[in-house]
**Student:** 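Can you read through this structure? Questions will come right after.
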Amino acid sequence: MLKLPIYMDNHATTQVDPRVLEAMLPYFSEVFGNAASRNHAFGWAAEEAVEKARTQIAAIIKAKPKEIIITSGATESDNLAIKGVVEFYKEKGNHIVTCVTEHKAVLDSCRALERAGRATVTYLPVDKYGMVDPDDVRKAITDRTVLITIMFANNEIGTIHPIAEIGKIAKEKGVIFHCDAVQAIGKVPVDVDRCGIDLMSLTAHKLYGPKGVGALYVRSKGPRVRLTPIIDGGGHERGMRSGTLNVTGIVGFGAACEIAQREMPEESVRLLELRNRLQAGLFERLEEVYLNGHPTDRLPGNLNLSFAYVEGESLLMGINDVAVSSGSACTSATLEPSYVIRALGIDEELAHSSIRFGIGRFSTAEEVDFVTDRVSREVKRLREMSPLYEMAKEGIDLKAVNWKAN
Amino acid sequence: MAYSSKVLEHYNNPRNVGSFAKDDADVGTGVVGAPECGDVMKLQLKISDSGVIEDARFKTFGCGSAIASSSYVTELVKGKHIDEAIAIRNTTIVQELNLPPVKIHCSVLAEDAIKAAIADWKKRKGTAADDLKVAEG
Ligand SMILES: Cc1ncc(COP(=O)(O)O)c(C=O)c1O
């Protein structure tokens, strides 16, 4: 039986897996110690749980447990990586290389440093699929460059960047490479050594773990990466991030990583099948649907489409028993359409018409079919109401029209 | 963001969706907004020689509040004289539909659409049945 509403917004967050919840429960009650209490059994039990989780988290990215610094989530990890490196290596330089489609946590950390006069930043463009060119990265590096920060996979369009190539360039040039891998972890294989990654941001809530816990991977050897902390205090997490550890959340994060790593081979195939089913179904029923993002180098659960002549928010309103998201201006706090979609260089109108489907672990074929049907019917209804559709049908070139915007 | 029940009602059951033949001399067409801004409204008014709005049609590309604003406007103007219709302010639409501050621009667009449609009708009446493109209304 199909249960409504349907959740298909798994890039925003994911439901905690019942197995993760079960692993967490004892740490809300019986095992309540402070992991930093070194002198009694309560503290030891908490510490043991944290160290087990640290091992599970490290394993999913092929790192060593001691290279995992626990944070409150990827926003903090991104801030710590960027601000921490720029501050620590300020004698060496002050230049950052990043890309226009990064998450706000990265872009706004860079902007804050620029505003404070602490860094200069190069924002690399992307191609029409949202992919950064490694050659552009190479060319942007100067002798003042201290950090490259490029995400593994984009949270809106799912495009996977050529991370290993960028990592190789970073090694050649001796520049630290930070990668926000939030959307990729547990979805595609991630290996910090093979990709030449020195710092990596992770968060639990995108892989069926709890919200409010994340990690920063910090390479310990070849090279050993150093950071200036942004939160000072009791010197937890090897001095890089003070604060009493969220033991319950960390246990959940660890359990989530272990499950995701174990199930990834079959799960990624299943997700890809569901994604292809959704894509094929919508393309079959509707004309003028455009794919945003890379056709193949893309997260298996991601589908970002623009439905021409239909505004995204109105479509979301029409499919109110399906939770997806839109790049439409009307759904953003800034009233600007998605900067990620706009960076692809497509028509502005199509940016307003974009919808992101995020298929996840709990999505089913039945749900995909329901969504296909619901979306195609609503797109048709809204097109009948759309003056743009009517004009296009009459053969009017919408780009040649002299619009009177207010 | 939660929508007001009136916005939802108009969105789900929009009134007077469609188009009149645009070369009809009695029809004034207003097209306002721009696709790159995320909303375009087309409002058509069928106006008698004495200046009374006898019928209205709309098509809108835009968010739910833009669709609701145009739907409501078609009801609002019907039966009104153009002098009355031209005096309609966006605040009337905001109040009727309970639009939140971020959606006020939808009501402004609907107000502009009324003015544009009436101006087009006047122009056509003045210049007889001159060739006229809808999009330039
Ligand atoms: C790519 C990316 N980076 C960072 C974040 C922020 O993560 P968190 O919610 O853990 O702060 C998100 C999630 O919104 C994301 O998708």
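Numbered from 1 within each chain, the chains take letters A, B, ... in sequence-line order.
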**Student:** So what's closer than 4.5 Å to chain A heavy atoms on B:Val17: side chain, backbone, both or neither?
**Tutor:** side chain
**Student:** So for atom OH, which belongs to A:Tyr129, do other residues, nucleotides or ligands contribute more than 12 heavy atoms lying within a distance under 6.0 Å?
**Tutor:** no
**Student:** Give every residue pair that meets the side-chain hydrogen bond (donor to acceptor under 3.5 Å, both in side chains) criterion with at least one member in residues 372-382 of chain A, sequence neighbours excluded.
**Tutor:** A:Asp321-A:Arg374, A:Asp373-A:Arg377, A:Glu378-A:Arg381, A:Glu378-B:Tyr11
**Student:** Kindly indicate whether the side chain of A:Met317, heavy atoms from C-beta on, has any atom under 4.5 Å from the side chain of B:Ile67.
**Tutor:** no
**Student:** As an exercise, state the distance from CE of A:Met385 to OG of B:Ser71, rounded to the nearest 0.5 Å.
**Tutor:** 8.5 Å
**Student:** side-chain contact (heavy atoms from CB on, under 4.5 Å) between B:Lys42 and A:Met391: does it pass, once the steps are laid out?
**Tutor:** CA-CA 11 Å; B:Lys42 185 186 82 166; A:Met391 290 163 82; over 6 Å; no
**Student:** Of the non-hydrogen atoms in B:Phe61 and A:Ser386, which two are nearest, and what is the gap between them?
**Tutor:** CB-OG, 4.0 Å
**Student:** When rounded to the nearest 0.5 angstrom, what is the spacing between SG in B:Cys63 and NE2 in A:His352?
**Tutor:** 11.0 Å
**Student:** Looking only at heavy atoms, which two atoms of A:Ser314 and B:Gly64 are closest? And how far apart?
**Tutor:** CB-N, 3.9 Å
